[in-house]
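See below for the structure under consideration.
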Amino acid sequence: MSLSKESEFDPLDMRHYRIEKLPTRDKSGFEKLLEKVGLPLAFTAFILIVFIIDVPYLTNIDPSLLGNKALSQLNTLGAAEFSRINIAMLAIFVAAIILWITEAIPNYLTSLLVIISIVLTGVTSERDAYAQMGHPVMWLNILSFILASMLVKTAVAKRFALWFVVRFGHNAASVFFSFMFINIILSMFISATTAKATILLPIFMVVAAVFGATGGDNKNNFGRNLVLQNLFQINIGAGMFITGSGANLLAGALIAGAIAEMNDFSFYTWMEAAFLLAFINMFIGWFVGTKLIFKIPKKESIPQIQGGLHRLKQELDGMGPIKFEEIKAIIIFVLVLTGWVLDTYHGISKTAVAFMGAVAALMPGIGIVKWNDVDIPWHLLLFSAGAYTLGAGFKSTDLPAITVDALFNFLGFSQTTPFWALYLILTGGMIFSALVFQSKTMRTLVFVPISIGVAQKFGYPILSLALPVALLIEHVYALPFNSKPAALLYVTNHYSWSDTFKFGLSMLVIGWLMIILWGETWLRYLGYTPNGVFGIF
């Protein structure tokens with residue numbers, strides 16, 4: 001019976017690798033334990049902070065630490081009430097962190113609890129809290145999903161990926177570089193890393209089978225590398241562009257909100273700082289994976305199944321000639337991308353450019369998609385709304401700046417603390433926190449405000465610390481729970497926990513060294529780190 005079933009399985013049939021056919025990853029014993037204790041632990045932490053534990057640094061707040069909005073709150077409410085809402089904000093933040101890390105309840109439900117808690121405790125007004133759903137970046141998220149749905153419906157992204165692999169993927173090296181290029185191109189147009197993984201997974205699974213890796217008992221280093229490299233590139237590619245993920249957009253909004261002269265964090269400004277860094281990291285990741293950790297034997301570097309790539313060509317041919325709808329999708333997205341890249345020149349915001357693209361995509365007669373074709377993950381948007389509401393709470397209380405000041409005073413840091421020490425602490429904390437956090441949005445909400453607060457406390461430009469920290473957001477690939485693409489690709493059964501940890505930890509260390517080098521060179525050249533990190537060059 002087992003032989004019969006095995007003989008019926010065609011490893012080159014892309015239909016076997018659809019997302020809905022992949023098994024769901026079971027949580028480990030430790031993850032299940034976290035899930036059980038998360039809710040009572042969060043509730044206990046909230047009660048302790050609000051009612052029992054004394055938080056000295058929040059009972060006598062120095063007004064010189066506050067921004068304009070928080071200072072206005074202090075003058076309006078008085079010192080005692082302002083201290084109370086800071087304590088409430090701290091309690092809400094700690095409880096939210098616990099719930100988001102443990103996943104005791106769905107992330108979107110945690111966000112809803114955050115929003116109503118901030119309202120009921122008086123941290124911000126109802127208008128400010130609920131208005132976060134209308135934040136320009138929330139609209140940009142919605143509009144980006146409309147544009148991505150256009151690419152999925154027309155299958156233009158799949159056509160491009162298949163064509164590129166068929167055209168260039170004839171040996172191991174060309175396969176890896178093909179997927180690297182594909183991931184970079186898709187990152188320009190698709191803001192959801194999970195969507196990119198969904199498009200590419202059936203293609204690289206067939207390619208892995210062509211080279212003798214079908215997963216399970218038939219693992220090999222080519223297959224390990226192919227899946228892990230795609231996981232790495234899907235995430236790092238998203239870091240090239242501020243529109244690459246909602247977490248990047250959140251970071252840009254937090255930084256722009258802290259700099260008086262910056263109304264918006266432009267697409268070009270982010271790309272200028274991040275693109276080459278991400279590209280170099282991708283190349284290093286390929287070298288470390290294929291040449292050092294999982295060396296590919298010569299016999300695995302050539303196709304094992306005769307005519308295997310021909311099956312991909314058949315899949316491509318089955319799509320027929322390029323359709324007019326696909327051409328329209330390409331034109332719309334190229335125009336949107338051009339508008340984003342040139343935003344510093346024409347002055348139209350990223351959101352407004354995406355609005356025009358989405359209107360064109362939905363317009364009867366001209367457009368490509370109908371509203372029912374659009375796949376908008378509202379649970380992710382609710383999660384983002386909770387994150388932005390926490391950001392609004394931070395702005396009303398200036399809790400990050402107050403906490404950073406108290407922490408650094410406690411640790412004995414003085415105003416003469418060298419820039420390099422702060423840079424190493426913040427970037428190291430950000431990149432290695434990926435081993436613990438299950439949400440890059442949550443990491444953004446923790447570390448970007450802290451980096452802003454540190455820069456303000458020590459008198460450094462906000463971008464000198466906040467931008468390098470933001471450029472590390474997408475390093476979420478070391479363990480299966482670090483991101484949705486990581487969880488999705490782990491169930492392909494092409495690699496083990498130890499495999500992904502070995503490769504992932506290596507790249508986290510290298511990623512940290514790279515951002516240090518980047519601060520010393522390119523970011524210094526752009527003027528973000530005025531004297532570099534160590535002042536070597």
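Values below: every heavy atom of this structure, side chains too, minus hydrogens, waters and symmetry copies. Keep in mind the model is a prediction, meaning the values are calculated, not measured.
- Interatomic distance, Tyr388 OH to Ile115 CD1, rounded to the nearest 0.5 Å: 12.5 Å.
- Between Leu445 and Leu250, the closest heavy-atom pair is CD1-CD2, 4.4 Å.
- Across all their heavy atoms, Arg84 and Gly122 have their closest contact at NH2-CA, 4.4 Å.
- Between Tyr460 and Phe458, the angle of the ring planes stays under 30°, which puts this pair in the parallel group of the 30/60° scheme.
- Between Asp343 and Lys350, the closest heavy-atom pair is OD2-CG, 3.8 Å.
- With hydrogens and angles ignored, the 3.5 Å screen pairs no side-chain donor or acceptor of Trp420 with any backbone N or O of Gly532.
- Looking at Phe181, Phe222, Phe294, Phe283 one by one, the single match for ring-ring contact (aromatic ring centres under 6.0 Å, His included) with Phe176 turns out to be Phe222.
- The side-chain hydrogen bond (donor to acceptor under 3.5 Å, both in side chains) contacts involving residues 178-187 comprise Asn183-Asn230, Asn183-Gln233, Ser187-Lys196, where partners must be two or more places apart or lie in separate chains.
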Side chain to side chain contact (heavy atoms under 4.5 Å, CB included) assessment of Ile255 paired with Val448: CA-CA 8 Å; Ile255 294 171; Val448 172; 4.0 Å; yes
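- Ring planes of Tyr525 and Trp522: parallel class, angle under 30° (limits at 30 and 60°).
- In this structure, Asp128 and Lys69 have side chains that are in contact, with non-hydrogen atoms separated by less than 4.5 Å.
- Judged by distance alone, the side chain of Thr529 and the main-chain N or O of Ser464 form no donor-acceptor pair under 3.5 Å.
- Side-chain contact between Ile452 and Pro400 is absent, with no heavy atoms from C-beta onward closer than 4.5 Å.
- Looking at Ser72, its side chain never comes within 3.5 Å of a backbone N or O of Asn68 through a donor-acceptor pair.
- A distance-only check finds no donor-acceptor pair linking the side chain of Arg224 to the backbone of Asp499 [under 3.5 Å].
- The two atoms that bring Gly239 and Trp270 nearest to each other are O-NE1, 2.9 Å, heavy atoms only.
- The 12-atom threshold is exceeded at NZ of Lys457, counting heavy atoms of other residues, nucleotides or ligands nearer than 6.0 Å.
- Between atom CE of residue Met282 and atom CE of residue Met180 there is a gap of 7.0 Å, rounded to the nearest 0.5 Å.
- Taking the ring centroids of Tyr268 and Trp340, they lie at or beyond the 6.0 Å cut-off.
- Remark: side-chain polar atoms of Thr269 are not paired, donor with acceptor, to backbone N or O of Phe265 under 3.5 angstrom.
- In terms of modelled atom types and a separation under 3.5 Å, the side chain of Glu474 and the main chain of Ala238 share no donor-acceptor contact.
- The shortest side-chain heavy-atom distance between Ile142 and Leu381 falls under the 4.5 Å cut-off.
- Remark: Leu276 CG to Thr521 OG1 distance equals 9.0 Å, nearest 0.5 Å.
- The two residues Leu65 and Asp398 make their nearest non-hydrogen contact at O-OD2, 3.9 Å.
- Contact detail for Asn281 and Gly511: the closest heavy-atom pair is OD1-CA, 4.4 Å.
- The backbone N or O of Val476 sits less than 3.5 Å from a side-chain atom of Ser483, completing a donor-acceptor pair.
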Side chain to side chain contact (heavy atoms under 4.5 Å, CB included) evaluation trace for Lys440 with Thr193: CA-CA 12 Å; Lys440 57 189 175 187; Thr193 52; 3.7 Å; yes
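- Using a distance-only test at 3.5 Å, with no hydrogens or angles considered, a donor-acceptor pair links the side chain of Gln229 to the main chain of Gly285.
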Trace of the side chain to side chain contact (heavy atoms under 4.5 Å, CB included) decision for Val114 with Trp100: CA-CA 11 Å; Val114 164; Trp100 269 318; 4.3 Å; yes
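- For Val446, the side-chain contact (heavy atoms from CB on, under 4.5 Å) partners at least two apart in sequence or on another chain are Phe93, Ile97, Phe437, Met442, Ile450.
- Atoms CZ and OG1, on Phe333 and Thr338 in that order, are 11.5 Å from each other to the nearest 0.5 Å.
- Panel note: side chain His346, backbone Gly339; a donor-acceptor pair is recorded below 3.5 Å.
- Defined by atom type and a distance below 3.5 Å, a donor-acceptor pair is present between the side-chain atoms of Ser498 and Ser496.
- With a 4.5 Å cut-off on side-chain heavy atoms, Phe419 and Asn531 do not count as touching.
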ring-ring contact (aromatic ring centres under 6.0 Å, His included) between Tyr477 and Phe232, intermediate numbers included: CA-CA 6 Å; Tyr477 44 76; Phe232 183 70; 4.9 Å; yes
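- Using a 4.0 Å cut-off between charged side-chain N and carboxylate O, Glu35 and Lys32 make no salt bridge.
- A 4.5 Å side-chain heavy-atom check between Glu103 and Asn107 finds at least one atom pair inside the cut-off.
- Rounded to the nearest 0.5 Å, atoms CG (Leu489) and CD1 (Ile234) are 5.5 Å apart.
- Between Thr427 and Ile431 there is no side-chain heavy-atom pair separated by less than 4.5 Å.
- Looking at Tyr423 and Pro468, their side chains come closer than 4.5 Å, going by heavy atoms from C-beta outward.
- Although no hydrogens or angles enter the test, the distance criterion places no donor-acceptor pair under 3.5 Å between the side chain of Ser396 and the main chain of Gly393.
- Remark: Ile92 CD1 to Ile87 CD1 distance equals 12.0 Å, nearest 0.5 Å.
- Taking the six-membered ring for Trp and thresholds of 30 and 60 degrees, Phe241 and Phe267 have nearly parallel ring planes, at less than 30 degrees apart.
- Counting heavy atoms from C-beta on, the side chains of His475 and Ile236 come closer than 4.5 Å.
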CA sep, side-chain torsions, deciding dist, call: Ile85, Gln73, side chain to side chain contact (heavy atoms under 4.5 Å, CB included): CA-CA 10 Å; Ile85 67 169; Gln73 281 271 74; 3.8 Å; yes
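- Residues Thr403 and Tyr57 bring a donor and an acceptor atom of their side chains to less than 3.5 Å of each other.
- Side-chain contact annotation: Asn409 with Asp405, donor-acceptor N/O pair under 3.5 Å present.
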